[in-house]
Amino acid sequence: MASSSKRPRSGASAATDPGAATGPGAATGTGAAAEAVPHVRVAVIGSGFGGLGAAVRLRRAGITDFVVLERADSVGGTWRDNGYPGCACDVPSHLYSFSFAPNPYWPRSFSGQPDIRAYLEKVATVFGLRPHLRFNTEVLEARWESEQTRWRITTSAGQWTADAVVSAAGPLADPQIPDLPGLSTFPGKVFHSSRWDHDYDLTGKRVAMVGTGASAAQIIPSIQPKAGKLTVFQRTPAWVLPRRDREITQLEKWLHGRLPVTAKIRRGALFALREIQVDAFVRRPGLLRLVQRLAERHIAQGIADPALRAKLTPDYRIGCKRILLSNTYYPALAAANTEVVSSGLRELRGSTLVAADGSEHEVDAIVFGTGFHVTDMPIGARVFGVNGTSLAEEWKGGMEALRGSTVHGFPNLFFVIGPNTGLGNSSMILMIESQLNYMIDALTTLHSVGAAAMQPTVRAQRQWNLELQHRMDRTVWTTGGCRSWYLDPSGRNTVLWPGSTTSFRRATRKVDLGEYELIMRTAPTAARTVQEANA
């Protein structure tokens, strides 16, 4: 339920709750005062795992003067947007949840999208976040005002000002559809996997699936039985491993509910297993040979036709691109009504799709499983720092941040799932919670030292990223012989973290003030850094 910015919070009025976060047009008096732009201590962008996690941690730190700005009409982020058939998580359920909000009642070892979305809705309710949520409020611009040492945020529902901004928009928020000749005149149905049209019936239709990534591996088995003909356009095959999924028994649920320590032990075991695997990805890719043999056996068991098996066998080392988990993907590709085209899509001529290899295919509908704007996050074009420069312009040579969290020239801007914080083998919730630790420590440190804002020094940010890219040189993502969505146009991996989640937790445990410039508020004149004030 959307929380109105024009009425008091449920259960407490703005007059009696000093921590209430007001919205545009909130009643603050009469006349001109009623039109004043509301100010909050923190504005959070997005209400997925990152945004809701930030909201919980802010409240626990005693910071209740904040809003969560969400462009959609409900929480959930990517787990709200991706409602395609078969959508599920490829990280075990008990590891894919907040440590402070365990769920003993996950229905399966790998839970589906409806269950994860329901979990996030419950987090929003149980932790009292709904009064802070502002739905249908898309951030159009966030601009740093140096003289006031604050952010001015313009949204589709009005303006706010804030001392700090937490960007939790996420890298999997904005779909990427290739600009193909003839696409605009295609007479059939077209949609991206994250914008699924549930009103369109694929039964008996000639359907094209463009892409063979993680979403496609779940979509293809779900739609293949009902499609009249399914044509899969595959630029590069993926390595696929069996999915060890099962229903979680009532006894397990009862045990985890009555004895929470058992759920903690389960989570700890899942965590430890994935931490052990890290070394193979980031330092010794040769150790992945055994895993690759398992994947080769999986192909042999699922695909009897040697020609099709050859099409589906990658020529790069496993782990270089995202490893997929599925027991139904290969049987769906081997079905009589499925055709795998070992080529990308080149152009469209009416209802005819022309592949890069020149083959032509008549279809009624196209589903794009072509990923997201990951290395060029769209939020970057809407955020403007101290010199009026956009984050997108600052990142034109490639994304980078200090500890994946802060960027020079953009004071009091904190990222959740920022540059080089992604994972190739474990739960992103672990990384999110580490960044939330860092954000909370930064805000409480600012308060304790009496500073208004902070930004990383050029030296600290540069040194961090030089070391990070040096470590990246040894990883399977660099040496594995593939071109993945982890890489930006210049070939740099600006997405993944080249280490364990434990090492990232250590790196973000506390803010090192030696890496930052502190900005003092000196109204009515312009704000000055500590260095300038002491000069």
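- Without hydrogens or angle criteria, E400 side chain to T494 main chain gives no donor-acceptor distance under 3.5 Å.
- Residues Q218 and S326 have side chains that never bring a donor and an acceptor to within less than 3.5 angstrom of each other.
- For D245 and S109, the side-chain atoms include at least one donor-acceptor pair closer than 3.5 Å.
- Not one N or O on the side chain of T421 forms a donor-acceptor pair closer than 3.5 Å with the backbone of G404.
- Judged purely by distance below 3.5 Å, without hydrogens or angles, the side chains of H361 and R206 never pair a donor atom with an acceptor atom.
- A donor-acceptor contact shorter than 3.5 Å links the side chain of T444 to the backbone of I440.
- Counted by atom type alone, R57 and N437 present one or more donor-acceptor pairs between their side chains at under 3.5 Å.
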### Task
Kindly indicate, with the supporting measurements, whether the criterion ring-ring contact (aromatic ring centres under 6.0 Å, His included) is fulfilled by H256 and Y105.
CA-CA 8 Å; H256 294 334; Y105 306 113; 9.1 Å; no

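- Looking at R134 and T155, their side chains never bring a donor and an acceptor atom within 3.5 Å of each other.
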### Task
Would you please test S194 and N82 for side chain to side chain donor-acceptor pair (under 3.5 Å) and show each step?
CA-CA 4 Å; S194 66; N82 287 270; 4.6 Å; no

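- At a threshold of 4.0 Å, the pair K253-E247 does not count as salt-bridged, since none of the basic side-chain nitrogens sits closer than that to a carboxylate oxygen.
- Under a cutoff of 6.0 Å and an axis angle of 45°, K321 and Y486 do not form a cation-pi pair.
- A cation-pi contact, defined as under 6.0 Å to the ring centre and within 45° of the axis, is absent between R322 and W485.
- R243 forms a cation-pi arrangement with F110, by the criterion of a distance under 6.0 Å to the ring centre and an angle within 45° of the ring axis.
- A donor-acceptor contact under 3.5 angstrom links the side chains of S405 and Q435, judged on distance only.
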### Task
Could you check K189 against D197 for side-chain contact (heavy atoms from CB on, under 4.5 Å), going step by step and ending with a plain yes or no?
CA-CA 9 Å; K189 189 70 178 178; D197 188 340; 2.6 Å; yes

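- For the residue pair E362 / S351, a side-chain donor-acceptor distance below 3.5 Å is found, with atom types taken as modelled.
- Panel note: side chain R274, backbone S500; no donor-acceptor pair is recorded below 3.5 Å.
- The main-chain N or O of F281 is never found under 3.5 Å from a side-chain atom of T475 such that the two would form a donor-acceptor pair.
- For T125 and R130, the side-chain atoms include at least one donor-acceptor pair closer than 3.5 Å.
- W106 places no side-chain N or O within donor-acceptor distance of the main-chain N or O of I116, the cut-off being under 3.5 Å.
- A donor-acceptor contact shorter than 3.5 Å links the side chain of Y119 to the backbone of A101.
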